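What follows is a single structure, written as structure tokens, with notes after it.
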Amino acid sequence: MSKILAITGAGAMSQAMRQINPDVVPAFPITPSTQVVEDFSQFVADGLVDTEFITVESEHSAMSACIGASIAGGRVMTATSSAGMALMWEMLYVASSMRQPVVLTLINRAMSAPINIHADHSDSMGARDAGWIQLYSESNQEAYDNLIMAPRIAEASDVRLPIMICLDGFIISHCVQTMQMEDDDKVREFIGEFKPAYSLLDTENPVSWGALDLQDYYIEHKRAQHMAMQNAKESIKLVSEEFYQCFGRKYELFESYCLDDAERVIIAINSIAGEIKEVVDDLRNKGEKVGLLKIRSFRPFPYEEIAESLKSAKIVTVLDRSESMGAYGPLFTEIRTALFDVPDRPMVYNRMFGLGGRELFMSDIQNIFEESNRYLENGKVEKVFDYLNVRGG
Amino acid sequence: MPGLQEMAKKEGAFAGGHRMCAGCPVPIFTKMLTRVTDKYEIVAGNATGCLEVASSIFPYSAWKIPWIHTAFENAGASMSGVEAMYKSLKRQGKINKKLKFVAIGGDGGTYDIGLQSLSGAMERGHDLVYICYDNGAYMNTGVQRSSATPLGASTTTSPKGKKSSGRQGKRKDLTKIMVAHNIDYVAQASIHKPVDLSNKLKKAIELDGPAFINILCPCILGWKINPDMGVEAARVGVETGFWPLYEVENGEYNINYKPKYRPVTDWIFMQGRFRHLKSPENQPIVEEFQKEVDKNWEWLLKQ
């Protein structure tokens, strides 16, 4: 039976994994994603899943084993964070280039150094070009729902790409929120059987995987991957619609919150969206035309759709929780690109916040809207890039 | 165990037309993989290296059996995943085959960059045979030293020079490291002894659980020998005691071949990579080389 649970974000992810019942899970613990694999290994120990659980000796081996297992013809999942993802780096590219729909829970955590275990997006943003579908989640519910949808999105025959479901370390992974957990059977029915296009275990039709691919073919294979990622947009939309029909919660490529007539808009990713919504509600009650655009799909990036939904916007503040030293934040770069072809495009500027888990309070978000109001009145963005809530700022 | 003639009638796992160097002895063992057992079908995985590169230039492949390569340092881990999927699907009744899994790497992918992945795969007890073809350097990238490179060998990253006599220090004994994993089967073999080699492959493949075989595989290019000398160089390597042939089954050592005494200089000086050791000032290195070989044999005989 579907039920309301009070559960941590990490707990929600392990429950979704139990319901999905993957054939193989290779995993290595790292804070703050450890609870996902601890819980899951208990499900294995209690016989609640059919999974072969591999206690690999590193994250590099975790992703390598994911790829091997996936090519051997079954459903594969794992979880990691930060340095763990960094150690997988090489194999992230191999997973996507070998077109394996591996499903990864990424609990976002700052990259070292200095070593820090708290939320920012430097891990997943660093992997944005690795060829993985990236979906982000504001809450436990969204993270759980995204993970339930993930295998279907990734396994679509015109996609066949790996997918990472991202949620903020500690803020979501370790905080208890109430969440609707769907019925096991209904989830399994929604996900369906895994049907591999080819399997390494098909000895009657032996296939060589991972060939040397030189100047005469490599670029065609890369282009095919690019097209598959474009197709992923449709797959996300289709699976999200079916999810809505099945479970009643609606998801798009991004969430539009009070956007229809919004003049001042904040664009953000993950848990901070919760606070922004509160502030938007307060300001809306005072008659201010403010709104939020919350990114769900960062790869593929919905340029045209975002441009369309910002038609009424006059000024846009893009919040990045990941540095790209010597450049603007990664989300800002995409948003500015999306807006370039809009005839009456809004002013747009970038604020960096929350690195290594630094809080951003509702008062800080109110200040953002006040600042964007000032910029709008003056007709000019004074600082295109700045840090929020930082000493010496 | 069928005889060699009988075995040769069975289809090999590896086709001709591959791009290995002329005279490279590596395909001797890859062809054997399917021939040594009638009980199982074989699925193979490769670390990046000569064999991988030269057998799979897209859109061609020399592999007649299912084969996978993903990266350099992870043949153990990739094949762990393959084997785990097989186990999972078998348990769920989704597959009904008798498969065995073989991971293959050179000494670079095995002694060095892939050691952790190999160690993990063996320790976890996957039903997996790991085969290292040891040619004593990173040959695929152009003969750079590895931890398997013998003392005094000149490589492109341990070159002989005015102030250097080639590779310094002792080579790593990976076979002993694998014995220390307490797995059921560890063996050293040589490409020049096909009966011994195929017996070992058969044992390793047919047992349930992890196994490791280290095969001496001379490299024409890296050892600086003529293309017709690959097998001979392996034979002399074994006869001079540089490469003992032995098995360790459940911790019990068994020496398969006890050579009559033959000085290591017979092996060293048939190869161009040791030529500089002929000079009088490098005599101490040759003596140290011989001492290490003798010491290793003494140790082995006591096991």
Side-chain angles (χ1 to χ4, degrees), chain A residues 21-26 28 49-76 78 90-91 93-95 97-98 100 102 193-194 196 198-214 216-218 220-221, chain B residues 13 19 34 40-46 48 52-95 97-99 101 103 114 116-121 123-124 126:
Chain A
N21 190 21
D23 299 300
V24 172
V25 170
F28 191 83
V49 286
D50 298 312
T51 310
E52 191 67 27
F53 185 69
I54 318 179
T55 51
V56 280
E57 79 298 332
S58 74
E59 288 90 351
H60 192 283
S61 285
M63 189 46 62
S64 300
C66 280
I67 295 164
S70 180
I71 291 173
R75 206 168 254 143
V76 180
T78 187
E90 176 193 22
M91 303 316 295
Y93 280 78
V94 176
S97 304
M98 293 179 89
Q100 295 307 308
V102 174
E193 277 285 303
F194 181 79
Y198 304 95
S199 163
L200 186 70
L201 305 186
D202 181 2
T203 43
E204 280 86 51
N205 303 289
V207 172
S208 293
W209 289 84
L212 176 68
D213 198 29
L214 300 174
D216 44 357
Y217 286 102
Y218 183 87
E220 280 79 14
H221 289 138
Chain B
R19 320 278 181 93
T34 46
Y40 300 98
E41 294 184 282
I42 306 292
V43 175
N46 235 149
T48 306
E52 170 266 325
V53 168
S55 65
S56 73
I57 304 175
F58 189 85
Y60 305 105
S61 174
W63 293 93
K64 295 182 181 178
I65 56 174
W67 176 86
I68 179 175
H69 154 256
T70 66
F72 190 10
E73 69 280 54
N74 67 350
S78 290
M79 289 307 288
S80 294
V82 174
E83 186 264 359
M85 183 56 79
Y86 170 68
K87 230 185 250 171
S88 178
L89 297 180
K90 192 130 192 173
R91 197 175 50 227
Q92 297 176 60
K94 292 179 178 172
I95 189 169
K97 286 171 190 262
K98 290 173 81 180
L99 302 182
F101 302 91
Q116 173 183 317
S117 163
L118 164 65
S119 176
E123 171 273 323
R124 289 189 298 270
H126 294 279

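Quick note: numbers below take in every heavy atom, side chains included, and nothing from hydrogens, waters or symmetry partners. Below, chain A is the first sequence line, B the second, and so on; all start at residue 1. Note that the coordinates shown come from a computational prediction; the quantities given were computed from them, not determined experimentally.
In this structure, the separation between OG on A/Ser208 and OH on B/Tyr60 is 14.0 Å, given to the nearest 0.5 Å. The line from OH of B/Tyr86 to CG of A/Leu200 is 13.0 Å long, rounded to the nearest 0.5 Å. For the atom pair CG of A/Leu201 and CD1 of B/Ile95, the computed distance is 4.5 Å after rounding to the nearest 0.5 Å.
In terms of heavy-atom pairs under 4.5 Å with chain B, the best-connected choice from A/Ile67, A/Thr55, A/Leu214, A/Asp216 is A/Thr55. Top candidate by heavy-atom pairs under 4.5 Å with chain B, chosen from A/Asn205, A/Val207, A/Asp202, is A/Val207. When each of A/Gly74, A/Ala95, A/Ala69, A/Ala211 is checked for heavy-atom pairs under 4.5 Å with chain B, A/Ala69 comes out on top. Put simply, of B/Ser117, B/Ala62, B/Ser80, B/Ser61, the one with the most heavy-atom pairs under 4.5 Å next to chain A is B/Ser117. Contact count versus chain B (heavy atoms, under 4.5 Å) is highest, among A/Cys66, A/Gly73, A/Ser64, for A/Ser64.
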Exercise. Report the C-alpha distance between A/Tyr217 and B/Ile57 in whole Å, list the side-chain angles of each, state the deciding distance to 0.1 Å, and finish with yes or no for side-chain contact (heavy atoms from CB on, under 4.5 Å).
Key: CA-CA 10 Å; A/Tyr217 286 102; B/Ile57 304 175; over 6 Å; no

(message) The test is side-chain contact (heavy atoms from CB on, under 4.5 Å); show your working for B/Glu73 and A/Glu90 and say whether it passes.
(response) CA-CA 11 Å; B/Glu73 69 280 54; A/Glu90 176 193 22; 2.5 Å; yes

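Heavy atoms closer than 4.5 Å to chain A are found in both the backbone and the side chain of B/Val53. Neither the backbone nor the side chain of A/Gln100 comes within contact range of chain B, judged by heavy atoms closer than 4.5 Å. Both the backbone and the side chain of B/Ile68 come within contact range of chain A, judged by heavy atoms closer than 4.5 Å. Heavy-atom distances place the backbone of A/Thr51, and not its side chain, under 4.5 Å from chain B. Heavy atoms closer than 4.5 Å to chain A are found in the backbone of B/Lys64, but not in its side chain. With a 4.5 Å cut-off on non-hydrogen atoms, B/Glu83 does not touch chain A at all. Only the side chain of A/Met91 comes within contact range of chain B, judged by heavy atoms closer than 4.5 Å. Only the side chain of A/Ile71 comes within contact range of chain B, judged by heavy atoms closer than 4.5 Å. With a 4.5 angstrom heavy-atom cutoff, A/Val94 touches chain B only via side-chain atoms.
When side chains are defined from C-beta on, A/Thr203 counts as touching B/Pro66, because their heavy atoms get closer than 4.5 Å. Between B/His69 and A/Leu212, the closest side-chain pair of non-hydrogen atoms is not below 4.5 Å.
B/Lys90 has no carboxylate O lying under 4.0 Å from a charged side-chain N of A/Glu52, or vice versa, which leaves the two without a salt bridge.
Using modelled atom types, no side-chain atom of B/Arg124 and backbone atom of A/Ile54 make a donor-acceptor pair closer than 3.5 Å. Checking side-chain atoms of B/Ser88 against main-chain N and O of A/Asp23 turns up a donor-acceptor pair under 3.5 Å.
Every residue meeting the side-chain hydrogen bond (donor to acceptor under 3.5 Å, both in side chains) condition with B/Trp63, not counting sequence neighbours, appears here in chain and number order: B/Ser55.
Annotation for A/Pro206 and B/Ile65: closest pair CB-C, 3.6 Å, computed over non-hydrogen atoms. For B/Ser56 against A/Gly210, the heavy-atom pair with the smallest separation is OG-O, 4.4 Å.
A/Ser58 and B/Gln116 are linked by a side-chain donor-acceptor pair at a separation below 3.5 angstrom, with hydrogens and angles left out of the test.
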